[in-house]
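Chain naming here is simple, since letters A, B, ... match the order of the sequence lines and numbering starts at 1 in each.
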Amino acid sequence: MAPRAVRVGSARFRMDDLLQTTINGIASGSIYALGAIGLSLVYAILKLVNFAHGDFMTLGGYVAFAVNVSLGMPLVVAIAAAVVAVAVLGLVTEELIWRPMRKRGAGLMQMLLLSIGLAFVLRNLILLTWTGESRKLNVDDTASYGIGIGRVSLLQILVIGIAAAALVGVGLLLTRTYVGKSMRALSDSFDLAEVSGIDTKRVVTYTWILGGGLAGLAGVLAAVFTTLTPNMGWTLLLGIFAAIILGGIGNPFGALVGGLALGLVQEWSTNFVEPTYKEAIGFAVLILALLFRPNGLLGHATRTG
Amino acid sequence: MSADEPTSPDEAPVDTPITEAAVDDQVTTADVAETVVSDDLDVVQPVLRAEHLVGGYVPEVDILRGCDLTAADGEIVVVVGPNGAGKSTLIKAIFGLITPREGRVYLRDADITGTPANRINGLGMSYVPQVNNVFPSLTIHENLQMGAAKRRKGMDARIEEMYELFPRLRERRRNRAEGLSGGERQMLAVARALMPQPSVLLLDEPSAGLAPKAVAEVFETVKRVNDSGVTIVMIEQNARAALAIANRGYVLEGGQNRFTGRGVDLLNDPHVAELYLGGAAD
């Protein structure tokens, strides 16, 4: 379908805008969700708040840039490369940093500081390799299609389509496969998983691969959607934390729902207030939601005993 | 650190008139004599044997100070004793959750001392912790699947057997475990632990914090599981009810064995009743 101009009559104005902002919201919400699932799983299983997760995403974006723009390969190849690269990064950090530190009995605070340190190291390596100049992936950002009363850009279709496929895949992994169920079991209780005979080391390894891969994917999609700078992931991280808290800490499905909800609320708010306020609106909604559901949207009543 | 030292030595039951007072000659740190209240308790072929366990959670503080435990095939073994006697520590040392400083643990003929818990699980012994013993956000069915880590081949058939044993779990198989009542939760925890078909099941206070009706259910469950051929080693606060179904009982105090005997014999022993069961039986 060729792009065409849409004339908006005053009667249809609200519907159009609602549809448009919904599409935008799903797109940005998907990116939050993809980033949030990995971060939430790692936190739930290892009690590690990985501040480097945002920079994992940034790295995914730059790997895609290297493959897509520098090497001139198709976007699909670039996405695959980014997912693999960041999954490997997750695995390597587990082997070289997190597992040895856990063995030495590092506490919550040490691990937190380490992750912040790792975040800075990654960001500066990115800065060193690709400079601070903003980059764009080689995608057509002008193509768009009219769908009834709204318009959807090629980029939005791409982002939503890929994210939806990935999120469905993760959902199936977590509910249908043994390793996925084990991840949820470890999130519930690491100690019980251990005494039940679950190979916790193996599950943790897979969790880093999954979390890293999803972060890589989220990074590429964020780069497709906006522009790529070394601070991209760090900026997104705040929203991702909000998505996790909104959905219910430690619950991967909560992270998904929280991410989408946050994206939608932020975009919908632009119908009523200046777009510059959308971040603030997102957090206002987070606070409101937590007032009524302190454990998050999908959170459960406090567990005791 | 002296405040953490277990019971003082002068509480030893020196004047116990019970038959065959025996001091285990292996116990070097002993300052309390063990009293055996039943004859013919010897086991030719024990399925589980813990010998002279010494140790605790940190190197400086020994909670166990020479503990012994034997379980014969098909028995219900009950460990009772006051708070801080080292009951939970004993079961954790047996299951490899803490490594004893001294002493050995044998499962059949294999020395499993210091073997990590998640490997012991595959060797024919399972453990049900006192709290947090189910995965709350997983369904009942998924909880059972998580118990089958080591043998996933016959998993579905084994889950079916568990549903036969606990029909109530089958009714609620799609429900999350967090919605279960206290008694049902213990049932699920036991069923999960039975998934790898263990020959020995370790239970840490299965009736703790349950309503009286649920307590009765738990003891019923324990008996049923035992009838299916599984040896049970169980810690209990609810000493009377537990000893009533025990083939063998141990009274622990200060990390050492104080009384050993058949469940009924311990229940009927005036000293055990006086010291640990809150007065003579009815």
Nearest-0.5 Å distance that lies between atom CG in L138(B) and atom OG in S189(A):
11.0 Å
Does F166(B) have any ring-ring contact (aromatic ring centres under 6.0 Å, His included) partners at least two apart in sequence or in another chain, and if so, which?
none
For Y250(B), give me all partners under ring-ring contact (aromatic ring centres under 6.0 Å, His included), at least two apart in sequence or on another chain.
none
Step through the shown structure and confirm whether more than 12 heavy atoms of other residues, nucleotides or ligands are within 6.0 Å of CZ on F292(A).
no
When rounded to the nearest 0.5 angstrom, what distance separates CZ in F135(B) from OG in S187(A)?
10.0 Å
Within a reach of under 6.0 Å around NZ of K47(A), are more than 12 heavy atoms found that belong to other residues, nucleotides or ligands?
yes
Tell me if the CG atom of D109(B) is crowded by more than 12 foreign heavy atoms within 6.0 Å.
no
Verify the neighbour count for atom CZ of F190(A): are there more than 12 heavy atoms of other residues, nucleotides or ligands below 6.0 Å?
yes
If I take atom CD from residue E142(B) and atom OH from residue Y178(A), how far apart are they, to the nearest 0.5 angstrom?
12.0 Å
Answer with side chain, backbone, both or neither: which region of L97(B) has an atom nearer than 4.5 Å to a non-hydrogen atom of chain A?
side chain
When rounded to the nearest 0.5 Å, the distance separating CG of L192(A) from CE of M146(B) is 11.0 Å
Please tell me if the side chains of P129(B) and D191(A) come closer than 4.5 Å, counting only heavy atoms from C-beta onward.
no
Region of V128(B) in contact with chain A, defined by heavy-atom distances below 4.5 Å
neither
I need the R119(B) CZ to D199(A) CG distance, nearest 0.5 Å.
11.0 Å
Does atom CG of L96(A) have more than 12 heavy-atom neighbours from other groups under 6.0 Å away?
yes
Just by modelled atom types, is the S137(B) backbone N or O under 3.5 Å from a matching donor or acceptor in the D188(A) side chain?
yes
When rounded to the nearest 0.5 angstrom, what distance separates NZ in K181(A) from CD in Q145(B)?
3.5 Å
Which pair of non-hydrogen atoms, one from N118(B) and one from I198(A), has the smallest distance, and what is that distance?
ND2-O, 3.4 Å
